[in-house]
A.B. asks: 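One structure, pasted below without further comment.
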Number of protein chains: 2
Amino acid sequence: MSSSSAASIGQPPPPAPPPEEEKKCLNSELWHACAGPLVCLPTVGTRVVYFPQGHSEQVAASTNKEVDGHIPNYPNLPPQLICQLHDVTMHADVETDEVYAQMTLQPLNPQEQNDAYLPAEMGIMSKQPTNYFCKTLTASDTSTHGGFSVPRRAAERVFPPLDFTQQPPAQELIARDIHDVEWKFRHIFRGQPKRHLLTTGWSVFVSAKRLVAGDSVLFIWNEKNQLLLGIRHATRPQTVMPSSVLSSDSMHIGLLAAAAHAAATNSRFTIFYNPRASPTEFVIPLSKYIKAVFHTRISVGMRFRMLFETEESSVRRYMGTITEVSDADPVRWPSSYWRSVKVGWDESTAGERPPRVSLWEIEPLTTFPMYPSLFPLRVKHPWYSGLACLYHVESKISVVGAISLHYCC
Amino acid sequence: MSSSSAASIGQPPPPAPPPEEEKKCLNSELWHACAGPLVCLPTVGTRVVYFPQGHSEQVAASTNKEVDGHIPNYPNLPPQLICQLHDVTMHADVETDEVYAQMTLQPLNPQEQNDAYLPAEMGIMSKQPTNYFCKTLTASDTSTHGGFSVPRRAAERVFPPLDFTQQPPAQELIARDIHDVEWKFRHIFRGQPKRHLLTTGWSVFVSAKRLVAGDSVLFIWNEKNQLLLGIRHATRPQTVMPSSVLSSDSMHIGLLAAAAHAAATNSRFTIFYNPRASPTEFVIPLSKYIKAVFHTRISVGMRFRMLFETEESSVRRYMGTITEVSDADPVRWPSSYWRSVKVGWDESTAGERPPRVSLWEIEPLTTFPMYPSLFPLRVKHPWYSGLACLYHVESKISVVGAISLHYCC
DNA sequence: TTGTCTCCCCAGGGGAGACAA
DNA sequence: TTGTCTCCCCTGGGGAGACAA
């Protein structure tokens, strides 16, 4: 009955207004910050390569169910589909704030594929904001007693400066989350020794977002002087529920049948890419694919580097050696470049690294100059339609070979 | 740091133990009570009719997205598939407690269909427990001040009797929910005038189950002297989130492709039936289908009755008139019996009643005696394989015509 | 009979510095 | 510099009867 007269600090924020336009763009900086430093989205209007195999991996990870034998074969569905990327929209799960992207793809028809020339179409670099910080929550941060301890340098860099003539110095922070919901916090500099703390408003945020120790929060102070606030839940095992809408088998079939149908009719189809659930990106820029598959020679025994995200959401290189080049799934997906490289990892933490990677994920240490490789790595395999045309593309590549191709991510 | 020494009343119950066996049967009484009085599940081992069209309706309702034009046609997928029902398991969503059933179906091959005779295979009547009560929560029940007001007759009938020599009479109730999690409540008879209340433990339950005014709780006192506790969330609009795993288009395609593949290979497939999300049951006992389609004559203008669940989760008959008999979706599903009857409803609350129903849902007021109708209603339509064989079945039906066929539900 | 209100009282949580890693 | 602990104080919620629909 109490009329909420004042939107005072510490009040739970009103629920997000119902999205009038579903397509409403959410903040791209924040999305990328939540997605992590290695995630990049291809540019709208460019051509990409879609791997149903990788999509299948994501669905398997999301439904906690590996694909089994009951899936029909789609003989007309190649392991990779070259597509026009018509649309990319960024989203975040309303319940969990988990970021994901929706992409509308249209497989090229053979004619279009032959018309192709190699553009310098790379993805949008996952532009990590400059003025931001990310902290993994401690037990104290999430406990019922007290607020959030802000790392000193982070507070000084990212938060608006405090008026230190006050005793103690304090201010109200207003930050918007990925759904554009406003959260208010009391930011105070106190204690002995002095430290930055978020007090009032913090516990409401923690419980609303269901944060626990080990999860991360990140604050961004952008060019428009907006304070943005994102979360990253720690990758809890078994966090994704199997849907009660459709069996995981039917989901797998749906993904494959939708892609096969789109390929057969050259019509658009829609996929979701879930960066933090999916083991690997399965829609990559065509140019990145071409560079990796046709312009990089690799061989067994070759050393390589590969980027991974660290616990603290920065980037680290891991070293490894190529041990084999073969089909990841010779039965279902013969002659696929998806995870065609079997690798060994230098470090003993290799349990967390994938045993198989794709060519475009790795950076071989011995590189060849950028000229068309007339003898691609795996000539023994028959070429699929999508690949056959790429051959023709290559002769044009040499012309534009001087153009510096920069990796996405 | 406080060691939880006592599992005293009012403590939040421990989280459900990780299900060691996914297939673990949950309480059937409770499942049916939560599902509602009209829901029945076909018996394992019997034959059923599966309607991809109805399944599609459920997926559309669950994803909040109607099927649009991008769905490929599956010319070999008939509007109804006669299947052997190999397995039915009852489940409840871990997050929301929403009940659903998983069924494993295997389409009969033509040979099996011809071998068919009409068994008296009806579904398991949704056995509503005798000793139970269901109450829609009031604002006071869910407010932070005070507990749950138990209707007097309900408390006397369903709860263990109180010792009225005590002042005030009170006891500890232990009830198990659908996940077999224990909840403890203080049951007390006090106030002026006297009434039954659940106090300690109630608010923990309300917040754990995220109950709000308008939702319902139900208590069952079964033959084994167990107290069971179920919830039914009010049908909130837009409650089901669109999944970020697979696009709704791909889900629709998946459902159809999975059924088509199973029909083509006579292999098993798995579906989820979500009684409270799905507009109508889409897996029904074969015998019920045959009786409705072949042994009931209906015509335009005919009056009929149909059962609906009321707000208070009891059953009510609504009256209507048949206005048309036609295909619900002539383009995608021609010659389908799914919602082939267009109806008008007597009451002005007709907005909530469906404009189209299926034959087996209604009870025509003018019934004909039970003999084979040699001229089924819609002879103009070509018969699908699944139906053609039913013709042959009919001659055998007449032999067993004396067997009383009782409706499921 | 039962839904809502108000009142009372206390447990638990927010907010502070102490202290140590 | 910052994570954890403890202490203090106060709010918000549980638990009671009053009262009315």
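Any value given below was found using the heavy atoms of this structure, including those in side chains, with hydrogens, waters and symmetry copies removed. Per chain, numbering begins at 1; letters A, B, ... match sequence-line order.
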A.B. asks: What's the NE2-C1' distance between B/H145 and C/dT6, to the nearest Å?
C.D. replies: 9 Å
A.B. asks: Using the side-chain heavy atoms of A/I188, tell me which of these nucleotides is nearest: D/dG13, C/dA16, D/dC19.
C.D. replies: C/dA16
A.B. asks: Taking only the side-chain nitrogens and oxygens of A/R190, find out if one of them lies under 4.0 Å from OP1 or OP2 of C/dG17.
C.D. replies: yes
A.B. asks: Between C/dT1, C/dC19, C/dG3, which nucleotide gets closest to the side-chain atoms of B/P193?
C.D. replies: C/dT1
A.B. asks: What nucleotide among D/dT2, C/dG14, D/dG3 has an atom nearest to a side-chain atom of A/R152?
C.D. replies: D/dT2
A.B. asks: If you take all heavy atoms of A/I178 and A/A92, which pair is closest and at what distance?
C.D. replies: CG2-CB, 3.5 Å
A.B. asks: Do the ring centers of A/H187 and A/F159 come within less than 6.0 Å of each other?
C.D. replies: yes
A.B. asks: Between B/D97 and B/H179, is any side-chain donor less than 3.5 angstrom from a side-chain acceptor?
C.D. replies: yes
A.B. asks: Quick one: the side chain of A/R195 and the base of C/dG17, do they pair up donor-acceptor inside 3.5 Å?
C.D. replies: no
A.B. asks: Checking salt bridge (charged side-chain N to carboxylate O under 4.0 Å, His left out) against A/E309, which of A/R317, A/R276, A/R316 comes through?
C.D. replies: A/R276
A.B. asks: Can you tell me the distance, in whole Å, between the CG atom of A/L197 and the C1' atom of D/dT4?
C.D. replies: 13 Å
A.B. asks: Check the distance between C/dA16's P and A/F189's CZ and give it to me in whole angstrom.
C.D. replies: 14 Å
A.B. asks: Quick one: which of D/dA16, D/dT2, C/dG3 gets closest to the side chain of B/K135?
C.D. replies: C/dG3
A.B. asks: Using the side-chain heavy atoms of B/Q192, tell me which of these nucleotides is nearest: D/dA18, C/dA16, D/dT2.
C.D. replies: D/dA18
